[in-house]
Amino acid sequence: MAKKKNMGNLRYFQIRILHAQAKHLPGYAITEFFNKVEMIAGTGKVDSIPSCILKVEFDGPELPQLNEELNESLLIDRILEQKDGVAYLRARTPGPIQMIVARERDCWVIPPTYLSKENGFFMTIQGTSKGLKRVKDELELLIPEKMDMRISKMIIGDLIAAPELPERRHLVITTAVKKGYYDTPRKCTQKDIADMLGIKQGTVAEHLQYAESVIINSWADQVSQS
């Protein structure tokens, strides 16, 4: 059984890279096809390559026809949903920045993480202090020009700690939040979430009910102890 990390000692690290600083990186070509690419949730690794669900924004009614040049930075495994100017994709991201994080066992990418024509590349990485320091050192070698990089203070104390959820349930509830399931009025249904993730609606309902119960009970326990 894998040993759990000490969640009280985690920090997060954010990096912003302007287009002018990233012209030598393969991911730069993505902005020729998409106005914005946003990470919705991580889904682990496939053959050591980070896998995630992405929201992409583009001009026109149909997803742009991509070329082989993008294989170095974006591998689309499945189109989950598509409508005018927006699509949700399950994809792998083998670019050098993502692979630096993927090789570091004490760090992982979390939202908000996006690439846009207007604002360049923005990534949020969570992990231990030592893991984040190693990633920061590798990024400075990859991109020698000065970047906006910030490591936070420890994530402790001020916020109510979110309970740990199994990976699949975490993915389902994260997708539900991003798609607007908990908005008022709701912007999607359980069936929409099920279709996006390729699972049954009943499975989505079960995962959401379980996750909601865990989160609410965790909140109640922490508030009663404060």
- Within 6.0 angstrom of K117 NZ, more than 12 heavy atoms from elsewhere: yes
- Query: After noting the C-alpha distance and the side-chain angles of Y114 and M123, does the key distance pass the side-chain contact (heavy atoms from CB on, under 4.5 Å) rule?
  - Reply: CA-CA 6 Å; Y114 62 84; M123 176 182 276; over 6 Å; no
- Task: Following the transitive rule for hydrophobic clusters with a side-chain heavy-atom cut-off under 4.5 Å over Ile, Leu, Val, Met, Phe, Trp and Tyr, establish whether V46 and I199 coincide in one cluster.
- Result: no
- Query: Could you state the interatomic distance from OH (Y88) to CD1 (I40), rounded to the nearest 0.5 Å?
  - Reply: 5.5 Å
- Please determine if K133 forms a cation-pi arrangement with F13, meaning its NZ or CZ atom is less than 6.0 Å from the six-membered ring centre and no more than 45° off the ring axis. no
- Under 3.5 Å, side chain of D192 to main-chain N/O of T189, donor-acceptor pair present? yes
- Message: Would you say that L132 contacts T128 through its side chain, given a criterion of any heavy-atom pair below 4.5 Å between the two side chains?
- Response: no
- Item | Residues K136 and E140 bridged, charged N to O under 4.0 Å | yes
- Is the Lys NZ or Arg CZ of R16 less than 6.0 Å from the centre of F121's six-membered ring, within 45° of the axis? no
- Message: Please check if the number of heavy atoms outside K45 that lie under 6.0 Å from its NZ is greater than 12.
- Response: yes
- Would you check, one step at a time, whether the test side-chain contact (heavy atoms from CB on, under 4.5 Å) holds for F34 with E57? CA-CA 6 Å; F34 300 116; E57 300 176 8; over 6 Å; no
- Message: Under a 4.0 Å threshold between the charged nitrogen and the carboxylate oxygen, would K36 count as salt-bridged to E118?
- Response: no
- Task: Drop me the distance from T203's OG1 to I193's CD1, to the nearest 0.5 angstrom.
- Result: 12.5 Å
- Is there side-chain contact between I30 and S73, with heavy atoms separated by less than 4.5 Å? yes
- Nearest-0.5 Å distance, CD1 of residue I79 to CG of residue L89: 6.5 Å
- Item | Straight-line distance of T93 OG1 to L115 CG, nearest 0.5 Å | 11.5 Å
- Message: Do Y181 and V86 sit in one hydrophobic cluster, given that two such residues count as connected whenever their side-chain heavy atoms are within less than 4.5 Å of each other, even indirectly?
- Response: yes
- Could you tell me whether the side chain of T124 and the main chain of P112 form a donor-acceptor pair under 3.5 Å? yes
- Query: So which heavy atom on P111 is nearest to which on K178, and how close?
  - Reply: CB-NZ, 4.0 Å
- Exam field: side chain T43 to backbone C52, donor-acceptor pair closer than 3.5 Å: yes
- Show your working on side-chain contact (heavy atoms from CB on, under 4.5 Å) between D59 and F33 and close with a plain yes or no. CA-CA 9 Å; D59 296 325; F33 299 89; over 6 Å; no
- Residues I173, H207; criterion side-chain contact (heavy atoms from CB on, under 4.5 Å); working and verdict: CA-CA 7 Å; I173 198 165; H207 284 325; over 6 Å; no
- Message: Side chains of I53 and L171, heavy atoms from C-beta outward: is any pair under 4.5 Å?
- Response: yes
- Message: I'd like to check D137 versus L141 (side-chain heavy atoms, cut-off strictly below 4.5 Å). Are they in contact?
- Response: no
- Task: Flag yes if more than 12 heavy atoms outside E32 fall under 6.0 Å of its CD atom; otherwise flag no.
- Result: yes
- Salt-bridge test for R92 and D47: reply yes if a basic N is under 4.0 Å from a carboxylate O, no otherwise. no
- Say whether L142 and I15 are linked into one hydrophobic cluster, either directly or through other cluster members, by side-chain heavy-atom distances under 4.5 angstrom. yes
- Item | Side-chain ion pair, E62 and K83, N-O less than 4.0 Å | no
- Would you indicate whether the side-chain heavy atoms of I125 and I110 approach each other to under 4.5 Å? no
- Short side-chain to backbone donor-acceptor contact, Q82 and L63, under 3.5 Å: yes
- Query: Any chance CG of N67 has more than 12 other-residue heavy atoms, nucleotides or ligands included, within less than 6.0 Å?
  - Reply: yes
- Atom pair SG (C188) and CE (M196), whose distance is rounded to the nearest 0.5 Å: 8.0 Å
- Within a strict 4.5 Å, meaning less than it, do heavy atoms of the P94 and L75 side chains meet? yes
- L66, M39: one ILVMFWY side-chain cluster at the under-4.5 Å cut-off? yes
- Message: What's the separation between atom CG in L80 and atom CG in L197, rounded to the nearest 0.5 Å?
- Response: 7.0 Å
- Message: Are I49 and I76 linked, directly or through intermediate hydrophobic residues, by side-chain heavy-atom contacts shorter than 4.5 Å (ILVMFWY only)?
- Response: no
- Is there a side-chain contact between Q126 and C107, using heavy atoms and a 4.5 Å cut-off? no
- Message: Tell me if a side-chain donor or acceptor on T174 pairs with a main-chain N or O of H170 at a distance below 3.5 Å.
- Response: yes
